[in-house]
Asker: 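The structure is given below, and queries will be raised subsequently.
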Protein chains: 2
Amino acid sequence: MITIRDVAREAGVSIATVSRVFNNAEAVATDTRREVRAVATRLGYSPHGTARSLITRRTATIGLILPDLYGEFFSELIRGVDHAVRAQGYHLLVSSSHADRAEVDSAMALMRGRVDGLVVMLPERQQAQVPLVSGRLPLVRLGGAPHNGDADAIVVANRDGARAMVRHLVSLGHTRIGVIAGADANSDADERMSGVRDGLEDAGLGEDALLRVAGDFSEASGFRAAREMLRADPRPTAIFALNDAMAIGALSALRAEGVNVPADIAVAGFDDIPMAQFLDPPLTTVRVDISAMGARAATRVLSHLGNGPSGSGVEIVPTTLMVRRSCGNPGAWSPTIPESLA
Amino acid sequence: MITIRDVAREAGVSIATVSRVFNNAEAVATDTRREVRAVATRLGYSPHGTARSLITRRTATIGLILPDLYGEFFSELIRGVDHAVRAQGYHLLVSSSHADRAEVDSAMALMRGRVDGLVVMLPERQQAQVPLVSGRLPLVRLGGAPHNGDADAIVVANRDGARAMVRHLVSLGHTRIGVIAGADANSDADERMSGVRDGLEDAGLGEDALLRVAGDFSEASGFRAAREMLRADPRPTAIFALNDAMAIGALSALRAEGVNVPADIAVAGFDDIPMAQFLDPPLTTVRVDISAMGARAATRVLSHLGNGPSGSGVEIVPTTLMVRRSCGNPGAWSPTIPESLA
DNA sequence: CCCGTTACTGTAAACGTTTACAGTGACTCC
DNA sequence: GGAGTCACTGTAAACGTTTACAGTAACGGG
């Protein structure tokens, strides 16, 4: 490995001068600078990040701790974080697959001294537990329910989104709504469920308007849940899956049973994954800008590091209702082409 | 920040002893060990990764450089890499969104001294260009065409997979096949296209059996391409989209035009993304185990670092033909439930 | 009683940088 | 011509670890 010392010797200057050239700070004579640069490229030198980090006390890296990595959700999230972080010249250290809180804490410990800040998304189980403690490192929590004790968090307006969807369904005349819920103890799922209850309440509908069946955010669980709902009495006239993957499963089940969507049963999802508009029928869903959420989390961490205006508190990522045809969008009955192609 | 020196002072020992406790190497008296551990947790000490890296000359990190981060493909890839890497106690540094070769090289330079090895996937354009040079760092290239000059690479059996699919289509009686190709200069797409030609040749069919329309791996491009194919004369009796996302777009277009799948036109995809089995009809496709590919790449890099048996060369990830109903799977005509639920 | 061994612990030199501080000429100005 | 300023460069001390080497005390054997 070739070091700053080799370059200095070869160029006939001190290591301080080489360092100055590479941090293009302070005054270095143009000739010297040129010479050093030349020697450096000839020798194939580039500064050693670790050594630099040790002395400057910044790693130029932020850590991202995720519970899991299945599905488009996480790739979008990483994409958002990566983008924001790279824009400020930072690196991204990713650690995923943390089944419980202990693993998250250990991942955080392992990252000590390797990152300047952290973005953490907790695994489903212990969401609202003991607040995360990261020593001096800026930390922002991602997802889950708002207001659980930590200073910084970016969360989705799950509750508002679900509420808006239920109101939409009710406005279409549905008074018996089947909801395919998320995993137990997943607080995003919990929040969406609360939103459903809010919406029902808004409409003056009671508990009997709601048929809740558990799912786990997978297509398979949506399939099973929808099949179960078809046997319910009274049978719901609308199915609201708390994410799009489960809605896809539900559509598949309904099709297998010969039930027409939306004529017989309306179906709605949550997330608006890219293919939602290409489904049959195109899926009415609640849009969430996941990569924006990741970007915001990263930006927040960076702001505590002195990049950009600093702020604190819980920030909420809004949702949008995307009305397509799976709930019988009035006025869009004829076969339409996906809006991204219009 | 609390350092090894603080712990040493507080515990009344030297920093060497504290270090020894944390690397649980060599002999340390049980009492001393206990005391140090106690002080360390009381003070909330954990070793500083950067400092450790500097002296040990290993960062316990491997770098992953990706062209992009859109879609499930990349999250699966990261998942595989992350898993393999964590199993050996390594960290994962991710850098994505590299539009061209220069950006890849700069990302590699930025990672110098921060990682012990690299997994690199090149952006679509300059795939087969100048081989990657990483100095002393072990490097494995991911995806693209095999045999382009680098020592280590993990690639998908794109060609075999596409060939198998074409043979399947031909065996079903199709002699006019529309292929929705991938982006220009994407070598995975190129390889799949070569496989298509192989398959056609196997069947003794000429160039006129093939209708090629360009796509870019997105649902939208699949939609457009399928629509274009419907206007071709003679019209193909089967559409083979070179990935599942485009197949989904194609299904959507066919539906909009009132064409029945598979009765009027067969549709096939490539990748076998999770929801392929939940589509209408369930999609016949070529299965690729993406996360396994990522894991293999990581394992290969790690092997050069002395973890596990070492090997070199180009490794090929096999594909499997998944016959479902979108091409008229004989004997599976009645509505079936997805196989993951059976 | 001395020596060798064992079991533990401390000292100090690295690792490759950055940066405060201290030079060193050359030039300007009075 | 001396002082002051300026532009540039070098010296050396950090940053928080690991680890070779040396040191110490206790103990057993001769």
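Residue numbers begin at 1 in each chain, while the letters A, B, ... track the order of the sequences.
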Asker: Might you point out which heavy atoms bring Arg37(B) and Val21(B) nearest each other, and give the distance in Å?
Answerer: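 So the two residues come closest at NH2-O, 3.8 Å.
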Asker: Looking at every non-hydrogen atom in both residues, tell me the closest pair between Arg33(B) and Arg20(B) and how far apart they are.
Answerer: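 That closest heavy-atom pairing would be NH2-O, 4.2 Å.
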Asker: Under 4.0 angstrom, heavy atoms only, what part of the nucleic acid is Arg5(B) near: base, sugar-phosphate, or nothing?
Answerer: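 Here Arg5(B) touches the bases of the nucleic acid.
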Asker: Is the centre of the Tyr45(A) ring less than 6.0 Å from the centre of the Phe22(A) ring?
Answerer: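 Between Tyr45(A) and Phe22(A), the centre distance is under 6.0 Å.
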Asker: Are any of Arg114(B)'s side-chain N or O atoms less than 4.0 Å away from OP1 or OP2 of dG16(C)?
Answerer: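 Indeed not, no polar side-chain atom of Arg114(B) lies that close.
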Asker: Of the nucleotides dT9(C), dT17(C), dT18(C), which has the atom closest to the Thr32(B) side chain?
Answerer: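 Side chain of Thr32(B) sits closest to dT9(C).
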Asker: Remember a base hit wins even if backbone is also touched, and classify Arg58(A) as base, sugar-phosphate or nothing at under 4.0 Å, heavy atoms.
Answerer: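 Contact class for Arg58(A): none.
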Asker: Please work out if Thr50(B) contacts a base, only the sugar-phosphate, or nothing of the nucleic acid, heavy-atom cut-off 4.0 Å.
Answerer: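 Contact class for Thr50(B): none.
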Asker: Rounding to an integer number of Å, can you tell me how far His48(B) NE2 sits from dT18(D) P?
Answerer: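 Computing the His48(B):NE2 to dT18(D):P distance gives 12 Å.
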Asker: Round to the nearest Å and state the distance from Arg20(B) atom CZ to dT11(C) atom C1'.
Answerer: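 Taking atom C1' of dT11(C) as the reference, CZ of Arg20(B) is at 10 Å.
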Asker: Which pair of heavy atoms, one from Thr59(A) and one from Ser53(A), lies closest together, and at what distance?
Answerer: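 Nearest heavy atoms, Thr59(A) then Ser53(A): CA-OG, 3.5 Å.
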Asker: Taking the nucleotide of DNA chain D with the closest heavy atom to each, which residue, Thr30(A) or Ile2(B), is nearer the 5' end?
Answerer: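 Taking each residue's closest nucleotide, the earlier one in sequence belongs to Thr30(A).
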Asker: Side-chain N or O of Thr3(B) less than 4.0 angstrom from OP1 or OP2 on dG16(D)?
Answerer: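 No, no such contact exists.
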Asker: Under 4.0 Å, heavy atoms only, any strand: does Ser19(B) hit a base, just the sugar-phosphate, or nothing?
Answerer: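 Base contact.
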Asker: In whole angstroms, how far is the C1' atom of dT18(D) from the CD1 atom of Ile55(B)?
Answerer: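 Result: 5 Å.
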Asker: Tell me if the side-chain of Arg57(B) makes a donor-acceptor pair with the base of dG16(C), cut-off 3.5 Å, by modelled atom types.
Answerer: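 In this structure, the two groups form no donor-acceptor pair.
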Asker: From the set dT9(D), dT18(D), dT17(D), return the single nucleotide nearest to any side-chain atom of Ala29(A).
Answerer: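 Per side-chain heavy atoms of Ala29(A), the pick is dT9(D).
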Asker: How many Å lie between CG on Asp31(B) and P on dC8(C), as a whole number?
Answerer: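 These atoms are roughly 10 Å apart.
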Asker: For the pair made of CD1 in Ile4(B) and C1' in dT9(C), what is the distance, rounded to whole Å?
Answerer: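 Interatomic distance, CD1 of Ile4(B) to C1' of dT9(C): 14 Å.
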Asker: Taking Arg79(A) first and then Asp82(A), would you say they form a salt bridge - that is, a charged N and a carboxylate O separated by under 4.0 Å?
Answerer: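 Salt bridge absent between Arg79(A) and Asp82(A).
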Asker: How do Thr17(B) and Leu54(B) order along DNA chain C: which one's closest nucleotide is nearer the 5' end?
Answerer: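 Nearest nucleotide further toward 5': that of Thr17(B).
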Asker: In whole Å, I'd like the distance from the CZ atom of Phe22(B) to the P atom of dT17(D).
Answerer: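 Nearest whole value for this atom pair: 9 Å.
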Asker: Using every non-hydrogen atom in the two residues, find where Thr50(A) and Leu54(B) come nearest and quote the distance to one decimal.
Answerer: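 What the structure gives for the nearest pair is CG2-N, 3.7 Å.
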Asker: Determine the contact category for Ser53(A): base if any of its heavy atoms lies under 4.0 Å from a base atom, sugar-phosphate if only primed atoms, P, OP1 or OP2 are that close, otherwise nothing.
Answerer: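 No contact.
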Asker: Side chain of Ala51(A), heavy atoms from C-beta onward: which of dA14(C), dT9(C), dG16(C) has the nearest atom to it?
Answerer: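 From the listed options, dG16(C) comes nearest.
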Asker: Just how far, in rounded Å, is P of dT17(D) from CZ of Arg9(B)?
Answerer: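 Those two atoms, CZ and P, are 13 Å apart.
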Asker: Rounding to a whole Å, what distance do you find between Ile15(B):CD1 and dG16(D):P?
Answerer: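 Answer to the nearest Å: 11 Å.
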Asker: Give Ala16(A) one of three labels, base, sugar-phosphate or nothing, depending on what nucleic acid heavy atoms sit under 4.0 Å from its own.
Answerer: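 Here Ala16(A) touches the bases of the nucleic acid.
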